[in-house]
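Numbering of residues begins at 1 and proceeds along the displayed sequence.
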Amino acid sequence: MASLLDLSVKTAETHRSNIMSKLGLHSVSELVLYAVRNNIVQALESPSHAENASNQLAAQKDPDPTDVTH
């Protein structure tokens, strides 16, 4: 994130710490949850769910040639 904003990592960490202090948050996970709940960021689907969906889609397109059940 720091590089996207053209900041040093230390500066980004200081800003994050100040925000968390002002909001009364004690962990990065609390900060992320706050951001999602207040529509500051949008939560994405978990990688395991996305991977399962991707695998299901691939299975529909390309059946397993070793599967003799169909």
If you look at every heavy atom in [X] and [Y], which pair is closest and at what distance?
X: A43; Y: V36; result: CB-CG1, 4.0 Å
X: H26; Y: M20; result: C-CE, 3.9 Å
X: S8; Y: A2; result: O-CB, 3.7 Å

Exercise for the section: Verify the cluster assignment for L5 and V41: are they in a single hydrophobic cluster under the rule of side-chain heavy atoms below 4.5 Å apart? Expected result: no
Exercise for the section: Find out if a path of hydrophobic residues (ILVMFWY) with successive side-chain heavy-atom gaps under 4.5 Å connects L23 to I40. Expected result: yes
Distance check, rounded to the nearest 0.5 Å: [X] atom [atom1] versus [Y] atom [atom2]?
X: H15; Y: L7; atom1: NE2; atom2: CG; result: 6.0 Å
X: L25; Y: Y34; atom1: CG; atom2: OH; result: 7.5 Å
X: S17; Y: L31; atom1: OG; atom2: CG; result: 10.5 Å

Handout entry: Under 3.5 Å side-chain donor-acceptor pair for T14 and T11
Key = no
Practice task
Starting from the C-alpha separation in whole Å, work towards a yes-or-no answer on side-chain contact (heavy atoms from CB on, under 4.5 Å) for R16 and V28.
Solution key: CA-CA 9 Å; R16 181 183 68 203; V28 175; 4.1 Å; yes
Problem - More than 12 heavy atoms from other groups under 6.0 Å of CG on D6 - result: no
